[in-house]
Structures are given as structure tokens and as C-alpha cells.
Participant: 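Input: one structure, supplied below.
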Amino acid sequence: MSMTHQVEDKLMVEMRGVNKWYGQFHVLKDVNLEVKKGERIVICGPSGSGKSTTIRCINRLEEHQKGDIIVDGTTLNNDLKNIETIRREVGMVFQHFNLFPHLTVLENCALAPIWVRKTPREEAEEIAMKYLRRVKIEEQALKYPGQLSGGQQQRVAIARSLCMNPQVMLFDEPTSALDPEMIKEVLDVMVELAEEGMTMLCVTHEMGFAKTVADRVIFMDKGQIIEENEPHEFFNNPQSERTKAFLSQILNH
Amino acid sequence: MSDSAKVTDTLLPDLPPPANSTGVIGWMRMHLFSSPVNALLTLFTLYILYILLVPSISWALINADWVGDNRDACTSGGACWVFIYNRFDQFMYGFYPEMERWRIDLTFGMLAVLVIWLMVPNLPKKGLVSVLTLVVYPIIAYFLLYGGSFGLEVVETHKWGGMSLTLILAIVGIVAALPFGVLLALGRRSEMPIVKSFCVVYIEFWRGVPLITVLFMASVMLPLFLPGEVDFDKLLRAMIGIVMFQSAYMAEVVRGGLQAIPKGQYEAAQALGLNYWKMMGLIVLPQALKLMIPGIVNTFIALFKDTSLVLIIGLFDILAIVQAGLSDPNWLGFSVEGYTFVALMFWVFCYGMSKYSQHLEKRFHTGHGAR
């Protein structure tokens, strides 16, 4: 059941006929995806299905070889200016957090506002503290990432992305590397973010999250989008055989 | 509850460790006398130390002569430090005119103040002091040492020598080789084919040539290729040779450090919108340099000692000038003292660098490594 919220008509992310190869290996096959402002998309699928690659193409951590990707009106091509514009507007949260271990939590968060947005240091630190409070971790601001638990680190990583005030957030399996007792604290932050109207693309195996938060669930296999539906239909009435097989594997264990 | 269930509600208190595993006695028992074989080895080692150290100490310190005007002052049968004492100024300053030696003292004194300022934590204005040290200081040092303006007499570089020359060569080499090395390492990992191949060729070329060859080339071959009127200083040529040679080594140390930084760090930096130079300067290099401290200092130490090779192109560093002193007919036969002194001078500086690097490693340790 989706929460009620505003989805605007404005397209935030548009992928048209996106193809990608690793050498001879065809990883993304004609991926078409439209994400409207305020929409929450969950992408699931077996490992190696290209779901992470898909969202990593959106901010050019991976380069696509064919097709068009347009983010908030900017076309993603080899123009470094466009890539930088898109990366400023797109936040990303990684499976392994990827916090900067040589910087404190506060410095991790204030870094990009200072160096990319040219915000004065004091103001940037205020922004950082604001988002650290939002993920309920402000008391750890002066610690180093290595002194925090996995769940805490991931919440810091979310705050770090939010400090850039992104238009879209990409989540690449944000809870897969966490101990079971820490998954909830991260999911709670993500749910809260969704309630505030953030445009989100999440690659995740947390089907509970998909059911409560997503506007659409996308199932990928072998580099293709196999099925795309609103969550209630997706989980109760899957159409494709491959979707059925995948759902039965992850839901009935 | 079934019979196999076990449960406890009392938390056990923390107890101190058993007495015989702590303290001096505990330590000795564990490390020196843990078994009969270990006890024997300990005693044997102590004996070896005794038969080596006692004569050395009595030669170098107890039976030694320290002051005097000539070799006749050496009567005690031990080391004759009189030789060093008499020529100490020359060993430090080379053939730099006696009246002008304050200029060397001032140059190194200023450097010492700046470096100590940078090394002691909690002192303010580190940024300003680094700019002073790296930009303003070298210019002042050049005018002080070489002279030629501000009413200072010109002192040609062939008069420079001794420990001051060794330090000048080492410091210039160290300060210049690190940034060049970083650039070469980044270039070698670059995706731009021309930059990459240039760096690979440069590094492999300079690493494949012995430093002696480089110095010979710089002092003998280079003037042959340059037009007659272009004559640049022998010391400058040696410095350029040393920097080019050492930056190739430094590049490989830096590349090793760069490879240890996980891909996720680059990706996180890129995802936040940092461009290449900001990503490298703010995220990758600070972490990589921390990992590289032992390797970098190792290269620095090797460089410091390699400076003594300049003696083959006729520059009188500390080793060369002591050797020259040994051939003085008035002081024949004191080579043990002379070389001991040189070794001690090198050791003091190299050990200092090594200690400081260990201190830095501890200071930069922030819990866990990169993920």
C-alpha cells in the first residue's frame, strides 16, 4: 500500500533504450525507465541482473554505450560539465557506505557543500548538523566513521548525500551489508525521507520496504526490465514466470 | 524448563590478571626465560653484547682523546676525536669562506624553526607557515647561500661542501621528488593514453639507470650536448639529476598507496560531485599518503644516503670531505674515527626521519582503515 503523497508530472530521470556492455557481455538491454518528481521506485531482481548497474548509470559511475539518460533536464553524455551538474543533483547511498575514513562524520557531511557548492565552512557545518540530527546521529558528529556501527555509518552516508540537497536519491542495496538488528534503523530513515517527498530509486531486497513505500516496483533479470507494476499488484498478481519464481524464492523462505 | 537448558542472571565481575603475568618479572619470565633453551639464548646474547660493547665503549668514549691541536694530543690509545675536533668546521661548511659561514647557520636555523613549527601540533597558522616554508623560504635560502645581492658576497657552489651540502642536496631532493612523484603516479594511473605512456616511460627509464650514471651524465655528458655559452652550475645539474631519479622511485611508492584505496572511495567522491583533482586531493591522496608513510620515508632515507654519491662528480659532501681530510699527511691513519663520524652523522638524520614517520603513523590512525 503506497502512502499518499504528491507525484508531479515533471520527469526527474528518463532512460531511453539504454544499453551497456562489459567487453562482450551485454549487461543492460534496452532499459527504459521514467521517474517522475516525488516518485519512489524499488528495483529488485537476482544478483547479476543489472539492477545496480542501471542506477549507477544515472550518475555516470558506469558509462552506458547506447541510448539516452536525461536527469532533471540535463542529458548525460561525455561532457564533463553535464556529468558534474547531474552528480550535484543526484545523491547516492552505497552498500558499503563508502564514508571517508580519514574525516570525521561532520567533515564527511560538510565536504561536498564546501568544495562543490562553495558554501562557507560554517554554513556547511550547520547544514551537516541539520541532516545529522535528521538521521538521529548528531552526537557522533566528531567521531571517525571507523568508530561507528554499520547502521550508524549508513545513516551518516544518507545524511552526507542529503547535505547536497539532491533532487533524486539513489540507494544501491543500502541494507545488504548490515547486521540484521541494524537494518531497521536505516529503513526508518529511508521511509521518513520518502514521506517528505524525495524522489528515490532503491535497489533492495527489503520487500517490506517495497510494499509500504514504493509507487512502482521494477523487476530486472539478465539486464532487462521484466516487469513493472505498482506494489500491490506486483506482489499479489505477478505476470511473468520469472517474477513469480523470484518472488517465491525471496518471500517463502 | 528442560534439563539441557542453562541460564544465568548474574554478571561475572572483571578480575585483575594473575600477578605473575604482569610487571617486570612477568615480562622477563614470558619473553626471556620462558624455556631452558630461551634462557640459554638470553644468556648467550648478553655475553655477545658484553664482549662487543665493552671494548667499543672504552675505545670510543673512555680511552678517547677529545681536544688538542694535532695528532700528538692522542695519547690514551683509544679513539682520536681530535681529528674531528680540528676539522669540524670544514666537515660542516666545506670550503665556504669562514667570514660568511653565518649565512649557512642562518639558513638552516630558519629552516629548523619553520619545520619545528609545522611538526609541533597545536601551533597556529600552519597554512601560512607551510607557504612560507615551501615558497618564500627557498628564495631566501638561495640568496643567503649563493649571495650576489643585498650586499652579500657571491659564494660559488664549488666552495659549498660538508654536511651543509649533504643537507641541501637531501632537502631539495626530498621536497621536489614527492610532488613530482605524486604527479607521475597519478599520470601512470590515468586513462589518457599519452599521459600514461609518458609517465610509464619516464618511470621505467629512470628506475632502470643507476644514480651514479645519472650523475655522470649530468656532469660530463650534458655540457657536451649544450651549446658552449650555456653553462649551468654543476651542483644544479646534480640536483636536477637526483630529483628526476628519485621522483621515479617516489612515483612507484605513491602508486602502491593509490592502489590500496578501495574503488568505493572514488565512487563516493564522484557521486558527491567532486571533480578529479578535488577527489584526488581531498579523498584519495590523504588516505593513500597515510598508508605510504613507511614507503615514502624509506625512499627519503635512501635518498639522503645516496647524496654521498655526488663525490664522484667532484662535489664535497660530508663523506667526500672527511675522506679528503684523511689524506692530509698530518692526520694519516684516523680513518676509523673519520668514517665513524660520517656514519654517526647519517644515522642521526635517518633515525630522526624514521622516528618522526612512526609518530605520524600513530597520529593519523583514525580507528579503522578504509572500507
Side-chain angles (χ1 to χ4, degrees), chain A residues 52 55-56 58-63 80-81 83-105 107-118 142-148 150 153-154 156-157 160-166 168-170 172 177, chain B residues 121-122 124-128 182 186 189-193 195 254 257-296 357 359-371:
Chain A
S52 284
I55 68 165
R56 286 159 60 86
I58 294 173
N59 63 352
R60 208 18 103 92
L61 291 184
E62 306 279 357
E63 196 178 332
L80 278 179
K81 276 238 152 35
I83 296 176
E84 280 174 25
T85 309
I86 289 175
R87 283 177 177 166
R88 273 199 293 270
E89 303 309 324
V90 177
M92 188 164 204
V93 174
F94 299 87
Q95 181 177 4
H96 293 290
F97 332 133
N98 297 352
L99 293 177
F100 307 130
H102 62 304
L103 301 176
T104 62
V105 165
E107 289 165 340
N108 262 278
C109 294
L111 182 99
I114 293 173
W115 291 94
V116 180
R117 291 237 190 266
K118 314 274 182 233
L142 298 179
K143 288 195 182 165
Y144 285 96
Q147 296 164 304
L148 305 184
Q153 292 195 42
Q154 193 61 300
V156 172
R160 178 176 71 176
S161 284
L162 292 177
C163 285
M164 284 294 281
N165 197 17
V168 187
M169 285 286 284
L170 308 174
D172 189 3
Chain B
N122 304 331
K125 300 233 192 302
K126 292 260 195 249
L128 181 71
V182 169
L186 293 178
R189 285 169 60 87
S190 159
E191 282 163 12
M192 289 178 275
V195 175
V254 175
L258 289 175
Q259 275 169 347
I261 304 302
K263 209 167 140 241
Q265 294 289 309
Y266 292 86
E267 290 180 349
Q270 286 170 349
L272 286 170
L274 297 175
N275 63 27
Y276 177 82
W277 292 107
K278 284 177 187 159
M279 170 175 81
M280 285 299 170
L282 296 167
I283 306 302
V284 178
L285 281 173
Q287 292 182 59
L289 286 169
K290 189 180 85 183
L291 296 173
M292 290 181 285
I293 290 171
I296 290 177
S357 92
H359 163 77
L360 277 185
E361 275 176 65
K362 275 197 203 115
R363 216 176 87 198
F364 290 148
H365 187 73
T366 57
H368 300 270
R371 287 204 61 146

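Side-chain atoms are counted along with the backbone in the values below, which use heavy atoms only and exclude waters and symmetry mates. Here is how names work: the chains are called A, B, and so on, in the same order as the sequence lines, proteins then strands, and each is numbered from 1.
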Participant: Taking all non-hydrogen atoms of both residues, which atom of B:M280 and which atom of B:Y266 are closest, and how far apart?
Facilitator: CE-CE2, 3.6 Å
Participant: What residue, out of A:R160, A:M164, A:R60, has the most heavy-atom pairs lying under 4.5 Å from chain B?
Facilitator: A:R160
Participant: Side chain, backbone, both or neither: which part of A:L170 has an atom under 4.5 Å from a heavy atom of chain B?
Facilitator: neither
Participant: Mind running side chain to side chain contact (heavy atoms under 4.5 Å, CB included) on A:L80 and B:N275 for me, showing each step along the way?
Facilitator: CA-CA 9 Å; A:L80 278 179; B:N275 63 27; over 6 Å; no
Participant: If I measure from the heavy atoms of chain B, does A:F100 come under 4.5 Å with its side chain, its backbone, both, or neither?
Facilitator: both
Participant: Measure A:R117 against the heavy atoms of chain B and call it side chain, backbone, both or neither at under 4.5 Å.
Facilitator: neither
Participant: Please identify which of these residues, A:N98, A:N108, A:V156, A:T104, meets the side-chain contact (heavy atoms from CB on, under 4.5 Å) condition with A:P145.
Facilitator: A:N108
Participant: For residues A:M92 and B:A271, report the shortest heavy-atom separation together with the two atoms involved.
Facilitator: CB-CB, 4.0 Å
